[in-house]
There are 2 protein chains.
Amino acid sequence: MISEQTASREDYLEAIAKLREEEPSVRVTQISKRLGVKKPSVTAALHKLSEDGLVKHRRYGVVELTPEGRRIAEEVMRRHEVLFRFLSEVLDIDGEIAQEDACRVEHLLSPTSLDRLAKFVEFVLTCPKGQPVWHKGFKYYSEQGERDQELVARRLGEESQ
Amino acid sequence: MISEQTASREDYLEAIAKLREEEPSVRVTQISKRLGVKKPSVTAALHKLSEDGLVKHRRYGVVELTPEGRRIAEEVMRRHEVLFRFLSEVLDIDGEIAQEDACRVEHLLSPTSLDRLAKFVEFVLTCPKGQPVWHKGFKYYSEQGERDQELVARRLGEESQ
DNA sequence: CCGAACTGTTAGCCTAGACTAACTATTATA
DNA sequence: TATAATAGTTAGTCTAGGCTAACAGTTCGG
């Protein structure tokens, strides 16, 4: 479903958890479609995840998360959510792209940055000081900037010396 | 120098470019130290990068970027810079962590998101509407939030349904 | 100018993940 | 119930990257 070339263990757990919310039983084919990966890759991944006690899976049977697997999946989903909201709601990135970027980045950001980002998103969208103006302000600024992207890049470069 | 377990081709190009700024000639050992990777890994990486025409390197000699290699390296450094500034200046993340996160994420974010993030950083730090207040506002908010982090997380969760 | 010390390379092996081709179970339908 | 279709697995390969051990070049000091 979501286009990706390579999926990590965490992606599998996340996919299984999401599918579980949508359908009563999770099967290899569903995971395969969702992650854009062939079925043998899913089988292989499930083997490893089984060994690590994160999923339960008997040959030709359904796939389930263990409590530990579920815990991790939920953590990943939380990270995904934070990133997705930042990209789509704060940066106003197209939903499709925001999903893909969130998928890729969700495994790599440190907990520190992630937590801080969560607070930041919360802050920006809540705007406690009562200035939701800033959001419109950014959109305006950003659209203007589309024309002289180069200029902005150059300014960034200079300031960073 | 920067702690990392696995480095991508782009990391090598970036490291070479950075080292080049610091010292007249770049050698395998320097790259190895900088990326926290053993020397044979560097040799192997240089082979591939040579095949792709991104670096020039003769056995036991110095390492140089080709024009194309330099172009890519500069692009990566720009991405790194944008991410680092966002993390350290906007989110106020510790410099060490910000560097590491930027290193990991810089290869994965889409150009769209990256450009938008660059503009966002510019906007936030420039604050065209003349409200640098917001920055202090976030710091305050964020410190308060440290105590009831859980609560914030929960609120995020609810809203995302 | 020769050997010690350092630098770099090769060879061989490991891990994560993905793929195809071919085989085995299961399900469903005539 | 037999057989076709679908689902899942196995086996064998591939790629990117990393590592160690052992070998080969270079350089520097005596």
Side-chain angles (χ1 to χ4, degrees), chain A residues 1-16 19-20 22-64 69 72 76 100 103-108, chain B residues 1-16 19 23-64 69 72 76 100 103-108:
Chain A
M1 196 141 256
I2 286 167
S3 79
E4 205 158 327
Q5 326 80 320
T6 196
S8 75
R9 307 153 58 72
E10 288 186 347
D11 288 311
Y12 282 97
L13 295 176
E14 186 184 17
I16 294 164
L19 285 167
R20 190 57 214 280
E22 296 162 16
E23 317 186 48
S25 70
V26 180
R27 308 207 127 262
V28 167
T29 303
Q30 266 104 58
I31 302 173
S32 160
K33 278 187 189 138
R34 175 153 207 133
L35 293 178
V37 139
K38 300 295 187 212
K39 286 185 281 186
S41 307
V42 176
T43 302
L46 291 178
H47 272 134
K48 294 192 184 172
L49 292 169
S50 282
E51 277 174 17
D52 295 356
L54 302 176
V55 308
K56 249 178 291 193
H57 178 228
R58 284 192 317 287
R59 293 182 79 202
Y60 300 100
V62 300
V63 180
E64 280 172 51
I72 295 176
V76 176
E100 289 175 17
C103 277
R104 272 182 266 116
V105 173
E106 70 195 9
H107 314 291
L108 299 177
Chain B
M1 198 141 258
I2 287 168
S3 79
E4 207 157 327
Q5 325 82 319
T6 196
S8 75
R9 307 154 58 70
E10 288 185 347
D11 287 311
Y12 282 97
L13 295 176
E14 186 184 17
I16 294 164
L19 285 168
E23 317 187 47
S25 70
V26 180
R27 308 207 127 262
V28 167
T29 303
Q30 266 104 59
I31 302 172
S32 161
K33 278 186 188 137
R34 175 153 208 132
L35 293 179
V37 138
K38 299 296 186 210
K39 285 184 284 187
S41 307
V42 176
T43 302
L46 292 178
H47 271 133
K48 293 192 186 171
L49 292 169
S50 282
E51 278 174 16
D52 296 355
L54 301 176
V55 308
K56 249 178 289 190
H57 178 229
R58 283 192 318 285
R59 293 183 79 202
Y60 300 99
V62 301
V63 180
E64 280 172 50
I72 295 175
V76 175
E100 289 175 16
C103 278
R104 273 182 266 115
V105 173
E106 70 195 10
H107 313 292
L108 300 176

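Within every chain, numbering begins at 1; the chains are lettered A, B, ... in the order of the sequence lines, protein sequences first and strands thereafter.
Comparing dT10(C), dG8(D), dA16(D) by their closest approach to the side chain of Thr43(B) singles out dT10(C). Listed nucleotides: dA21(D), dG17(D), dG18(D). Nearest to the side chain of Pro40(B): dA21(D). Proximity note for Lys38(A) (side chain, C-beta onward) versus dT20(C), dG18(D), dG8(D): the nearest is dT20(C). The listed nucleotides are dA16(C), dT7(C), dT24(C); the one nearest the side chain of Tyr60(A) is dT24(C). Closest approach to the Ser8(B) side chain among dG17(D), dA18(C), dT10(D) is made by dG17(D) (side chain taken as heavy atoms from C-beta onward).
We find that CD of Glu51(A) is positioned 13 Å from P of dG17(C), with the value rounded to whole Å. Residue Arg9(A) contributes atom CZ, which lies 7 Å from atom P of dA16(C) at whole-angstrom precision. Going from atom CG of Leu46(B) over to atom P of dA16(D) covers 15 Å, rounded to whole Å. The NZ-C1' distance, from Lys39(A) to dC23(C), rounds to 13 Å in whole Å. When rounded to the nearest whole Å, the span between CZ of Arg59(B) and P of dT26(D) equals 8 Å. Rounded to an integer number of Å, the gap from CZ of Arg58(B) to P of dT26(D) is 11 Å. The distance between atom CD of Gln30(A) and atom P of dT6(D), rounded to the nearest whole Å, is 15 Å. Rounding to whole angstrom units, CG of residue Leu35(B) and P of dG17(D) are separated by 12 Å.
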Working note: Arg34(A) + Glu22(A), criterion salt bridge (Lys or Arg N to Asp or Glu O under 4.0 Å); need CA distance, chi angles, decisive distance, verdict. CA-CA 12 Å; Arg34(A) 175 153 207 133; Glu22(A) 296 162 16; 3.2 Å; yes

Evaluation steps, side chain to side chain contact (heavy atoms under 4.5 Å, CB included), between Lys56(B) and Val62(B): CA-CA 8 Å; Lys56(B) 249 178 289 190; Val62(B) 301; over 6 Å; no

Go through Arg9(A) and Ile72(A) one step at a time and tell me if the side chain to side chain contact (heavy atoms under 4.5 Å, CB included) criterion holds. CA-CA 10 Å; Arg9(A) 307 153 58 72; Ile72(A) 295 176; over 6 Å; no

Would you sort out whether Val76(B) and Leu13(B) count as a side chain to side chain contact (heavy atoms under 4.5 Å, CB included), showing the intermediate values? CA-CA 8 Å; Val76(B) 175; Leu13(B) 295 176; 5.9 Å; no

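When each of Arg27(B) and Gly61(A) is assigned the nucleotide of DNA chain D bearing its nearest heavy atom, the one mapping closer to the 5' terminus is Gly61(A). Take the nearest nucleotide of DNA chain C for His57(B) and for Glu10(A): the residue whose nucleotide is more 5' is His57(B).
Side-chain nitrogen and oxygen atoms of Tyr12(B) include at least one within less than 4.0 Å of the OP1 or OP2 phosphate oxygen of dG18(D).
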